[in-house]
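The block underneath contains the structure these notes are about, expressed in structure tokens.
Here the structure is a predicted model, which means the values were calculated and not measured. When a ligand or atom number is given, it counts from 1 through the structure's own listing order.
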Amino acid sequence: MVQPEAYADEPWGDRVEANYIVRSREPFNAEARMDGLVDSFVTPTERHFRRNHGPIPNISGAEWTMTVHGVGAGGARVVRLGDLARLPQFEVVAVLECAGNRRDGLQAIKPVNGVTWGAGTASNARWGGCRLRDVLGAAGVPTDLCDPFYATSRHVEFAAYGESTDDAHYASSIPLEWVMNPLNMVLVATRMNGLPLLRDHGFPARIVAPGIIGARWVKWLKYVRVQDSESTCFYQKRDYKILPPIANGANCDEFWPRFPALMEMNIQSAVCRPAPDEALQPGRPYTARGYALSGGGRAVDRVEVSLDGGATWALADVVANAAAAAGSDRDRDWSGRHWSWVLWSFAIASVPPRCTIACRAWDSGGNTQPAEATWNYRGVMNNSVFRVTPRMAGGTSRL
Ligand SMILES: Nc1nc2c(c(=O)[nH]1)N[C@H]1C(S)=C(S)[C@@H](COP(=O)(O)O)O[C@H]1N2
Ligand SMILES: [Mo]
């Protein structure tokens, strides 16, 4: 349990509350206002959502240490920011999405266990730091994925400084093989959008695991550890799983061990404009805009919009993607991996007097979003077709 005094030192100066819908203050949980998400391909830091399971630790960069538990003799080492800075530096533009994004759609069906979220817990940032693979390689972990070492399933656990609400500390893990593949760009990130991480985002160092749900992007790193089984932390074993709809608060203990910890994001999209509180002018043109993303490095291949309840779907224009942002006309990065979201727009020539705008995306795995959501106890991974029914401005149109 976290004592209330633990929240006495929160970084309120770094939080532009006007940009957010604040869902809880202790811990600080705030999603981005939808209309602020589509102005730029890379989400400005002051608009990036914040998701915390406890108070924000106040760590001195000069004093911070992270322990690396690698393999064999000399496999345990303590690293400081200077050690990370001496390794080759990389940048990746990657979308961070909370597995609880759009939980409100499941809550509307039946109560769920978790913070309410609309579609504002996804943001696209430019992350910088060194590769976790290089940190582990220096701690004795074989970097050749054909090494017999990889014949056995292994995991890397990430654990955080600071307290958390459900366990002694925040921790989780992902498969080692994923981390050691350089194409996957798993970083020990120290920078976000060109600046040192804010405290809210994990200063001085966090995991960036592109294509994987936000819960694995552990902030305020205390140690990284190679081990034979996944993390036993609450957030790995008893949270962030899609339980079957028969599981509930009374019987969930029976179901947690039977279902795997979530890893890759699923195909997702949302309308950001019109925002939920925005009024449209009937009969006038309007350009709807939004984002779409997928997990595991899969590309968003198309985004579709329906104004007739899903009877017909028209193609939206993808107006920003990673290739365009990098000044390239190739739609695939050479490795075929996609870590960013795309932004899309859809021109409506004349806004009908009553309309629901629906969107859905398709990814390179041929996946699309289901017409209706299936409820799950933890309220995770809701990616049903996104619908917004805007308010219509009454009376005369604005001059
Ligand atoms: N130490 C720590 N790391 C954490 C969390 C946390 O509560 N504590 N929350 C996780 C979850 S669930 C998400 S979605 C992302 C959110 O990252 P952000 O706050 O930088 O947007 O951080 C992850 N890393
Ligand atoms: Mo999350």
Top protein contact for [atom], by heavy-atom distance:
{"atom": "atom 10 (C) of ligand 1", "value": "Y170 OH, 3.6 Å"}
{"atom": "atom 23 (C) of ligand 1", "value": "G214 O, 3.2 Å"}
{"atom": "atom 3 (N) of ligand 1", "value": "K219 N, 3.0 Å"}
{"atom": "atom 17 (O) of ligand 1", "value": "R206 NH2, 3.1 Å"}

Open item on the list: With a 4.5 Å cut-off on side-chain heavy atoms, are P260 and K241 touching?
Closed with: no
Task: Atom of Y20, atom of E46 and distance for their closest heavy-atom approach - done: OH-O, 3.0 Å
Task: Minimum-distance pair of heavy atoms, taken over all atoms of N113 and R378 - done: O-NH1, 2.6 Å
Name the option, out of [options], that contains the heavy atom nearest to [atom].
{"atom": "atom 14 (S) of ligand 1", "options": "G100, G114, A125, C98", "value": "C98"}
{"atom": "atom 20 (O) of ligand 1", "options": "E163, R51, R216, H201", "value": "H201"}
{"atom": "atom 12 (S) of ligand 1", "options": "Y235, Y240, F158, F49", "value": "Y240"}

[X] neighbourhood, listing ligand 1 atoms whose heavy-atom distance to it stays under 4.0 Å:
{"X": "N52", "answer": "7 (O)"}
{"X": "H48", "answer": "21 (O)"}
{"X": "W217", "answer": "22 (O), 23 (C), 24 (N)"}
{"X": "A160", "answer": "1 (N)"}
{"X": "W220", "answer": "1 (N), 2 (C), 8 (N)"}
{"X": "R50", "answer": "19 (O), 21 (O)"}
{"X": "V218", "answer": "3 (N), 24 (N)"}

Task: N382 side chain to S384 side chain, donor-acceptor N/O pair below 3.5 angstrom - done: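 There is such a pair (donor and acceptor under 3.5 Å, judged by atom type) between the side chains of N382 and S384.
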Task: Test item: side-chain donor near acceptor, E278 and Y286, under 3.5 Å - done: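 Present: a donor and an acceptor within the cut-off.
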TODO: Give the contacting part of L96 toward ligand 1: side chain, backbone, both or neither, where contact means a heavy-atom distance below 4.0 Å.
DONE: side chain
Open item on the list: Can you confirm, on distance only, whether ligand 1 has an N/O atom lying under 3.5 Å from any N/O atom belonging to Y161?
Closed with: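 Such a contact does not occur with ligand 1.
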- [ ] Consider only side-chain heavy atoms of I, L, V, M, F, W and Y, link residues closer than 4.5 Å, and tell whether V385 and L307 are in one cluster.
- [x]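 They do not share one cluster, since no chain of ILVMFWY contacts under 4.5 Å joins V385 to L307.
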Task: Pair W313 + W362: ring centers closer than 6.0 Å - done: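 Ring-ring flag for W313/W362: false, centres at least 6.0 Å apart.
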Task: Presence of salt bridge, K237 and E230, under 4.0 angstrom - done: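 Result for this pair is yes, salt bridge flagged.
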Open item on the list: Once salt bridge (charged side-chain N to carboxylate O under 4.0 Å, His left out) is applied, do any residues pair with E91, and if so which ones, sequence neighbours excluded?
Closed with: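 Salt bridge (charged side-chain N to carboxylate O under 4.0 Å, His left out) check on E91 returns R126.
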Task: Matching residue for Y170 among Y161, Y240, Y235 - test: ring pair (Phe, Tyr, Trp, His ring centres under 6.0 Å) - done: Y235
